[in-house]
Participant: 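Below: one structure in structure tokens.
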Amino acid sequence: MTTPEEDLSSQLQPDIPHAARMWNYWMGGKDNFAADRATGDAVAQIYPEIALMARYSRQFLIRVVRYLAAEAGIKQFLDIGTGLPTMQNTHEVAQGIHPDAKIVYVDNDPMVLVHARALLRGTTAEGATQYVLSDYHDPETILTRAQETLDFDQPIGVMFMGVMGYEPDIAVIRSIVDKVMGATVPGSHLVFWDGTNTSPDVVAGADRLAEMGGVPYILRSPEELATVFEGTELVEPGLTQITEWRAEPGEVEYIDAYGAVGRKP
């Protein structure tokens, strides 16, 4: 009989480059394997800014969660496609403002599940942090499981942070987002960012990722990403580069990634 840990280990496939582990590598983490580092280096040779994108995406998450918790009064978060935990995760930022905040993380990666156990131990005594093992293509399961922790009669911050490029059809993305947001009440917020096809180098980097055996990542135009927010009221400054969203003076640097926050009216 195998233990749950052994079952998870058998699914890790260390010889195949994996998106969450490469992202962890680009962010300076240690939860990755040789195949992830080799592919990550190959992409970075063509698009060196990928490491900056990884770090800036975390800064964007921190600013967004602080805004939602401190200014919009959100105390519940549904973080779909959370990836491997690093510094200043969603629950740490939110519960630093509202100790009773509730957070549900969603991912379908076995390595993320292992680390999620540490995340659950890091929550405040007043708050709640839970992990759901599910794919974002199954919003019904996500919503059913999230309702065990979150109160869907109160506003929720729904987050898709740089994960939808693995879905090739923008119509499917909009359907997933609409399904999840449709279950929330007015005053809830959608947070969404993704890589964009706004420079030749980033497109070449995505091509190299696919050539090295990584899961292809679809880069889209900012105009395409804007359609995901239809039906919401964009929070200022609207859809912009993630480095520009409510950044401090002097922090802005160009990056091929756009995001926004939309409020459900």
Side-chain angles (χ1 to χ4, degrees), residues 17-29 32 36-37 39-64 79-84 86 90 107-109 112 135-137 158-174 176-177 190-229 234 237-247 251-262:
H18 187 278
R21 299 194 303 255
M22 284 189 293
W23 202 249
N24 175 266
Y25 174 55
W26 288 323
M27 291 188 70
N32 46 75
D36 308 309
R37 295 189 288 273
T39 302
D41 288 341
V43 173
Q45 285 176 0
I46 294 177
Y47 185 64
E49 292 84 357
I50 189 64
L52 287 175
M53 185 185 295
R55 293 194 291 271
Y56 286 145
S57 71
R58 180 55 46 148
Q59 294 174 16
F60 175 66
L61 179 148
I62 292 169
R63 293 197 303 273
V64 162
D79 188 341
I80 300 176
T82 180
L84 289 165
T86 54
T90 300
D107 208 292
N108 67 339
D109 180 73
V112 175
D135 189 291
Y136 58 59
H137 289 97
V158 177
M159 304 166 60
F160 294 92
M161 307 297 277
V163 297
M164 285 300 196
Y166 297 106
E167 168 49 54
D169 190 339
I170 189 67
V172 172
I173 294 173
R174 289 197 295 262
I176 293 169
V177 171
L190 168 66
V191 184
F192 188 105
W193 80 265
D194 230 324
T196 51
N197 57 4
T198 41
S199 78
D201 286 346
V202 72
V203 173
D207 291 341
R208 176 59 63 90
L209 173 64
E211 292 168 1
M212 292 290 292
V215 178
Y217 197 91
I218 309 301
L219 299 169
R220 296 183 167 89
S221 69
E223 292 75 19
E224 286 181 289
L225 297 186
T227 65
V228 175
F229 291 92
L234 289 183
L239 181 69
T240 184
Q241 292 171 40
I242 59 174
T243 50
E244 295 181 348
W245 199 90
R246 300 201 172 206
E251 289 185 0
V252 176
E253 184 168 343
Y254 182 85
I255 205 74
D256 295 293
Y258 278 65
V261 178

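Each residue takes its place number in the sequence, starting with 1.
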Participant: Can you say whether the rings of Trp245 and Phe60 are parallel (under 30°), tilted (30 to 60°) or perpendicular (over 60°)?
Facilitator: perpendicular

Participant: Set out, in order, the CA-CA distance, both residues' side-chain angles and the distance that settles side-chain contact (heavy atoms from CB on, under 4.5 Å) for Thr90 and Thr82, then state yes or no.
Facilitator: CA-CA 9 Å; Thr90 300; Thr82 180; 5.8 Å; no

Participant: Can you list the steps and then say if Leu61 with Trp193 is a side-chain contact (heavy atoms from CB on, under 4.5 Å)?
Facilitator: CA-CA 10 Å; Leu61 179 148; Trp193 80 265; over 6 Å; no

Participant: Does one side chain, of Tyr254 or Asp256, offer a donor that lies under 3.5 Å from an acceptor on the other?
Facilitator: yes

Participant: For Thr198 and Tyr258, which heavy atoms make the closest approach, and how far apart are they?
Facilitator: CG2-CE1, 4.2 Å

Participant: When rounded to the nearest 0.5 angstrom, what distance separates OH in Tyr166 from NE2 in His137?
Facilitator: 12.5 Å

Participant: Let me confirm one number: the CD-CE distance from Gln241 to Met53, rounded to the nearest 0.5 Å.
Facilitator: 10.0 Å

Participant: Checking the side chain of Arg37 only, and the main-chain atoms of Asn32 only, is there a donor and an acceptor separated by less than 3.5 Å?
Facilitator: yes

Participant: Distance check, rounded to the nearest 0.5 Å: Met164 atom CE versus Arg220 atom CZ?
Facilitator: 9.5 Å

Participant: Considering all heavy atoms of both residues, which atom of Ile170 and which atom of Val228 are nearest to each other, and what is their separation?
Facilitator: CD1-CG2, 4.3 Å

Participant: Output the distance between atom CD1 (Ile255) and atom CZ (Arg55), rounded to the nearest 0.5 Å.
Facilitator: 9.5 Å

Participant: Would you confirm whether Thr196, through its side chain, and Pro222, through its main-chain N or O, come within 3.5 Å as a donor-acceptor pair?
Facilitator: no

Participant: Answer yes or no: is there a donor N or O on one side and an acceptor on the other, between the side chain of Tyr136 and the main chain of Phe160, under 3.5 Å?
Facilitator: no

Participant: Determine the minimum heavy-atom distance between Val191 and Val261, stating which atoms define it.
Facilitator: CG2-CG2, 4.1 Å

Participant: Would you give the length of the straight line joining atom CZ of Phe192 to atom CE of Met159, rounded to the nearest 0.5 angstrom?
Facilitator: 12.5 Å

Participant: What closest approach, in Å, do Ala260 and Leu234 show between heavy atoms, and which atom pair accounts for it?
Facilitator: CB-CD2, 4.0 Å

Participant: Would you check if the side chain of Glu224 reaches a backbone N or O of Ser221 as a donor-acceptor pair within less than 3.5 Å?
Facilitator: yes

Participant: Quick one: pull up CG in Leu52 and CD in Glu253 and give me the separation to the nearest 0.5 Å.
Facilitator: 5.5 Å

Participant: State, yes or no, whether a side-chain contact exists between Ile176 and Ile80 at a heavy-atom distance under 4.5 Å.
Facilitator: no

